Amino acid sequence: MANSTIEQELECKEHSFFQTVGDSMEPLLHNRESTVVIEKYSGTLEKYDIVLYRRPTGEYVLHRVLKVRRNDYLICGDNRIHREIVPKEWILGVMIGFYPDTEERYISCEDMEYRKYLRMLGLRYWIRWIKALPERMRKKLLR
């Protein structure tokens, strides 16, 4: 579909393929190397789903759901520490799988390899958070 929007792609197809841009989902997805398979949002998201949403500025973002709330979601990239509140209306689709880097190997979000990655998310978040602290605060916390 030449010159179509992501919304149009998701509306016309059961699922669509998009190349990732940026480093916010590393180490899982890599800038301009990984391809994600996105399914249209149907309103049934769960904690740790990776969602594609569009901010009012027009920017498309692919980040992970950290908390499901009544009218919105708390969302953050795997390589970020700042969380964002995202209203349900912004959500366009949910990732059902991906092709890491330029490999032809497909990894489903149901795959054991992906599930192992999910088990380490909490630890990775705290390591990033501690690294982001100024040196003096870090030393104080680690005493």
Side-chain angles (χ1 to χ4, degrees), residues 1-138 141-142:
M1 282 187 124
N3 297 323
S4 66
T5 66
I6 289 176
E7 290 90 340
Q8 289 169 330
E9 283 279 323
L10 290 170
E11 193 63 43
C12 295
K13 299 178 181 177
E14 187 174 312
H15 55 268
S16 296
F17 301 83
F18 302 102
Q19 187 178 49
T20 58
V21 178
D23 65 355
S24 68
M25 287 303 291
E26 288 187 3
L28 183 69
L29 304 171
H30 301 282
N31 183 36
R32 300 192 187 278
E33 292 179 7
S34 301
T35 300
V36 294
V37 183
I38 303 290
E39 187 175 78
K40 184 179 177 184
Y41 171 60
S42 64
T44 55
L45 296 180
E46 297 178 9
K47 183 177 181 179
Y48 298 134
D49 280 345
I50 295 177
V51 295
L52 176 66
Y53 60 98
R54 188 169 154 228
R55 292 180 176 141
T57 59
E59 178 184 16
Y60 292 103
V61 182
L62 186 72
H63 280 171
R64 186 177 303 281
V65 173
L66 298 180
K67 187 172 186 179
V68 176
R69 303 181 339 172
R70 183 177 301 213
N71 297 314
D72 55 33
Y73 301 99
L74 190 61
I75 293 180
C76 186
D78 287 1
N79 193 27
R80 298 291 184 261
I81 60 171
H82 301 289
R83 298 169 179 197
E84 180 176 8
I85 295 171
V86 175
K88 291 182 177 184
E89 303 81 53
W90 293 8
I91 307 291
L92 302 174
V94 61
M95 186 178 88
I96 59 172
F98 63 100
Y99 294 87
D101 303 324
T102 54
E103 298 177 24
E104 291 184 22
R105 181 175 60 108
Y106 174 74
I107 298 174
S108 165
C109 289
E110 303 301 320
D111 192 275
M112 283 304 293
E113 183 179 352
Y114 179 72
R115 294 287 176 200
K116 286 180 189 175
Y117 175 84
L118 287 180
R119 284 196 290 271
M120 297 301 294
L121 273 179
L123 177 61
R124 284 189 184 110
Y125 173 79
W126 286 110
I127 290 170
R128 279 190 316 280
W129 186 82
I130 289 171
K131 284 182 177 180
L133 288 174
E135 186 63 29
R136 274 186 14 196
M137 284 186 87
R138 210 179 346 205
L141 277 175
L142 295 176

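FYI, side chains are in, hydrogens and waters are out, and symmetry mates aren't considered; it's all heavy atoms of this structure. None of the values given here were measured: they were computed from a predicted structure.
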Residues 37-44 side chain polar contacts: donor-acceptor under 3.5 Å, at least two apart:
residue, atom, partner, partner atom, Å
Lys40, NZ, Glu11, OE1, 2.8
Lys40, NZ, Glu11, OE2, 3.1
Tyr41, OH, Tyr73, OH, 3.2
Ser42, OG, Thr44, OG1, 3.3

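- Here the shortest heavy-atom pairing between Asn31 and Gly22 reads OD1-N, 2.7 Å.
- Inter-residue side-chain proximity for Pro100 and Arg105 is flagged as met; some heavy-atom pair is nearer than 4.5 Å.
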Problem set entry | Intermediate values then yes/no, side chain to side chain contact (heavy atoms under 4.5 Å, CB included), Leu52 and Val61 | CA-CA 6 Å; Leu52 176 66; Val61 182; over 6 Å; no

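- Under the 3.5 Å distance criterion, the side-chain polar atoms of Asp111 are matched with a main-chain donor or acceptor of Glu113.
- Side-chain contact between Ile6 and Ser16: absent, with no pair of heavy atoms (C-beta onward) separated by less than 4.5 Å.
- Between Lys67 and Asp72, none of the side-chain N atoms (NZ, or NE/NH1/NH2) sits under 4.0 Å from a carboxylate O, so this pair counts as no salt bridge.
- A heavy-atom distance below 4.5 Å is found between the side chains of Leu118 and Arg64.
- In this structure, CZ in Arg80 is found 8.5 Å from CD in Glu26, a value given to the nearest 0.5 Å.
- The OH atom of Tyr114 sits 12.5 Å away from the CZ atom of Arg119 when rounded to the nearest 0.5 Å.
- If you take CG on Asp101 and OG1 on Thr35, they are separated by 9.5 Å, rounding to the nearest 0.5 Å.
- Leu28 CG to Leu62 CG: the interatomic distance, rounded to the nearest 0.5 Å, is 9.0 Å.
- His63 and Ser24 get closest at one heavy-atom pair: NE2-OG, 2.9 Å.
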Using atom types as modelled, flag every donor-acceptor pair under 3.5 Å from a side chain in residues 88-99 to any protein atom, sequence neighbours excluded.
residue, atom, partner, partner atom, Å
Lys88, NZ, Arg70, O, 2.9

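- Annotation for Glu46 and Val68: closest pair C-CG2, 3.9 Å, computed over non-hydrogen atoms.
- Classification of Arg124 and Asp78 as a salt-bridged pair fails, no side-chain N sitting under 4.0 Å from a carboxylate O.
- Minimum heavy-atom separation, Tyr117 to Met25: OH-O, 4.4 Å.
- One finds the CZ atom of Arg115 at 13.0 Å from the CD1 atom of Ile107 (value rounded to the nearest 0.5 Å).
- For Lys47, the side chain to side chain contact (heavy atoms under 4.5 Å, CB included) criterion is met by no residue, not counting sequence neighbours.
- Residues Ile75 and Val65 meet the side-chain proximity criterion, which asks for heavy atoms closer than 4.5 Å.
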